[in-house]
Amino acid sequence: MSSTNFAAAQQRVLERRRRREAEAQSRVAEQQRTSVINHPAVKRLPYPLNTLPQSGFSLWDAIKGREGTRPAFRVGQVDAELLDEELLGLLKGQVGDALKYFGPHLRDDWSNEIQLALRAILFKLSIWDHDASYGAALQSLKYVDSRSKGPVHSSPTNLQKSLYGLLTVGGRYAWDKWENWLIAQEGGYEEPSQEVRSLSRITSFFSTTHSIASFLSFLVFLVNGRYRTLVDRLLRMRLTPPSAQASREVSFEYLNRQLVWHAFTEFLLFLLPLVGISRWRRWVSRAWRKTMSTIRTSSANDDETLNQKQGELAFLPERTCAICYKANNDATSEIEVLAASSGGGGIIGSATTDITNPYETVPCGCVYCFVCIVQKLEGEEGEGWVCLRCGELVKKIKPWNGDVVEESRRQSTSGKIVAFDDDTHGVDLEQVHENAVDGG
């Protein structure tokens with residue numbers, strides 16, 4: 001294209017742009033001329049009343065207008081908040097799992113303090129250092145100061161970020177502690193005082209007011225897409241894309257992965273009962289047992305080691321059912337059992353693990369509860385169950401009579417006979433006595 005044709009094309013583009021701007025201005029002027037604000041009847045009203053329609057229209061224009069702002073995709077802003085809460089929940093769960101070894105009560109007693117520390121750390125590493133939370137960074141958004149003029153907004157000031165951290169981190173912690181204190185005062189055995197009731201009513205009023213204000217702010221956010229939360233609106237901080245070339249398409253990649261994973265798991269749940277995973281599990285366990293038995297046999301040096309019990313729970317006493325013990329205790333080694341028993345929480349010798357209705361296994365002769373051993377054998381579907389005490393393959397059981405002592409009845413040599421008076425009528429006691437002595 002020659003320079004003359006290019007200049008003519010530019011002139012045509014500029015002419016069309018000026019024509020569209022003129023048409024837009026004429027439409028706005030026509031709407032203002034025919035609006036209720038310029039109606040003669042409205043202008044004849046007294047001073048406070050003749051400005052109400054204009055104020056109302058100005059407020060609506062301020063809500064729905066986008067002058068001076070470039071609204072980001074609303075879905076991305078909402079998803080950023082959800083991702084931040086999900087990240088906080090994951091970190092809280094991991095910290096709780098780590099603290100359970102120091103006492104199960106720490107996670108519940110210090111829940112608010114744990115959230116305070118996690119929120120403070122996340123705020124320092126994300127918003128304070130990089131002007132964007134981790135959820136906003138995943139959505140390609142960052143905070144800007146909406147008070148700045150010009151096509152490019154500046155980053156939030158340190159004062160704005162400090163107030164944001166004070167409200168979102170310290171404010172939430174203080175409010176949660178205050179509500180917990182009120183609940184503790186009202187939930188005691190004694191009747192709460194009048195001051196506590198008044199404070200509870202005031203707290204409920206402020207909570208309701210905050211909820212209503214947050215709801216209205218979110219409705220305004222759905223209209224103009226400026227401020228996601230009430231704190232952002234008060235501090236004049238907005239989430240915007242860092243580049244003007246940001247795509248406004250929603251990515252469903254993670255949703256597709258989740259759907260594929262759910263479909264795959266449902267297919268496995270349908271397929272596993274048909275495949276018979278229990279048979280494969282028994283085959284693998286049998287192969288592993290044979291391998292370990294071969295290794296132990298080859299490494300043994302004397303007959304005592306060969307004849308020693310090699311079961312998983314061979315160290316348990318005879319009165320303890322190994323199946324009940326394994327179901328009620330996580331400790332599987334002798335050292336762990338001794339440590340648990342020394343703390344007063346031992347399970348060996350307790351009523352929950354003692355053998356009831358004893359049956360012995362064939363051929364190893366180990367003793368278990370009847371119900372426990374029957375359930376294990378039925379679950380193996382006739383292929384045998386590995387004994388927890390000696391490691392033998394068990395397929396049959398029989399009643400156990402190891403402690404039953406049957407004494408033979410000895411005949412009396414004392415020559416004394418005890419009988420009831422009714423039984424002695426018609427009986428020669430002397431003859432009976434002589435017979436008893438001769439028999440002795």
Side-chain angles (χ1 to χ4, degrees), residues 71-101 104 106-108 111-112 114-115 117-119 121-123 125-127 130 132-143 168 172 176 211 214-215 217-219 221-223 225 228-229 232 239-243 245-288 326-330 332 375-376 378-381 383 385:
F73 211 13
R74 298 171 181 82
V75 175
Q77 299 185 57
V78 176
D79 288 344
E81 184 178 9
L82 296 178
L83 290 173
D84 291 334
E85 294 297 329
E86 187 68 21
L87 176 61
L88 180 64
L90 292 175
L91 293 177
K92 182 182 177 182
Q94 293 178 358
V95 172
D97 293 339
L99 291 178
K100 70 180 181 182
Y101 297 102
L106 293 178
R107 179 171 57 182
D108 299 329
S111 176
N112 295 328
I114 292 174
Q115 289 188 0
L118 292 177
R119 286 196 177 104
I121 294 173
L122 292 176
F123 172 76
L125 298 178
S126 59
I127 296 178
H130 304 287
S133 62
Y134 288 108
L138 290 174
Q139 297 294 327
S140 300
L141 299 173
K142 63 178 297 184
Y143 275 107
T168 56
R172 289 186 178 182
D176 291 340
S211 300
S214 300
F215 175 70
S217 176
F218 187 73
L219 291 180
F221 164 75
L222 295 179
V223 175
R228 181 190 57 183
T229 61
D232 296 349
L239 284 173
T240 59
S243 175
Q245 304 297 327
S247 175
R248 292 179 62 87
E249 295 181 357
V250 180
S251 176
F252 293 99
E253 180 180 359
Y254 296 103
L255 179 60
N256 294 334
R257 291 180 182 178
Q258 192 72 9
L259 291 176
V260 170
W261 175 250
H262 277 291
F264 181 69
T265 53
E266 289 179 359
F267 175 73
L268 287 181
L269 292 177
F270 169 77
L271 187 62
L272 288 179
L274 302 179
V275 173
I277 192 63
S278 59
R279 296 187 180 91
W280 289 95
R281 179 179 59 82
R282 287 193 295 269
W283 181 82
V284 172
S285 62
R286 192 180 300 111
W288 174 258
K326 188 174 182 180
N328 295 315
N329 195 4
D330 296 333
T332 57
Q375 290 179 352
K376 292 295 183 181
E378 288 182 352
E380 297 298 332
E381 298 178 357
E383 296 187 7
W385 172 73

* Residues forming a side chain to side chain donor-acceptor pair (under 3.5 Å) with Ser111, sequence neighbours excluded ->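 So Ser111 forms a side chain to side chain donor-acceptor pair (under 3.5 Å) with Lys92.
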Residues in side-chain contact (heavy atoms from CB on, under 4.5 Å) with [X], at least two apart?
X: Gln375; value: Val371
X: Phe267; value: Leu271
X: Glu85; value: Leu88, Arg172

Compare every heavy atom of [Y] with every heavy atom of [X], then report the nearest pair and how far apart it is.
X: Gln139; Y: Leu83; value: NE2-CD1, 3.7 Å
X: Gln115; Y: Asp176; value: OE1-OD2, 4.4 Å
X: Ser140; Y: Pro242; value: O-CD, 3.1 Å
X: Lys142; Y: Ala132; value: CA-CB, 3.8 Å

Looking at [atom1] of [X] and [atom2] of [Y], how far apart are the two atoms once the value is rounded to the nearest 0.5 Å?
X: Thr229; Y: Leu239; atom1: OG1; atom2: CG; value: 8.5 Å
X: Gln94; Y: Leu118; atom1: CD; atom2: CG; value: 10.0 Å
X: Ser126; Y: Leu87; atom1: OG; atom2: CG; value: 9.0 Å
X: Tyr143; Y: Arg228; atom1: OH; atom2: CZ; value: 4.0 Å
X: Arg119; Y: Ile114; atom1: CZ; atom2: CD1; value: 12.0 Å

* Among all residues two or more places apart in sequence or in another chain, which pass the ring pair (Phe, Tyr, Trp, His ring centres under 6.0 Å) test with Phe218? ->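 Partners of Phe218 by the ring pair (Phe, Tyr, Trp, His ring centres under 6.0 Å) criterion, ordered by chain and then number, come out as Phe221.
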* Only counting residues at least two apart or in another chain, list the ones meeting salt bridge (charged side-chain N to carboxylate O under 4.0 Å, His left out) with Arg107. =>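 Asp97.
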* **Candidates Ile127, Leu91, Asp84 - the one meeting side-chain contact (heavy atoms from CB on, under 4.5 Å) with Leu122** =>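 Output: one option passes, namely Leu91.
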* Asked: Between Glu266 and His262, is a side chain to side chain donor-acceptor pair (under 3.5 Å) present by the stated rule, with each step listed?
  -> CA-CA 6 Å; Glu266 289 179 359; His262 277 291; 5.4 Å; no
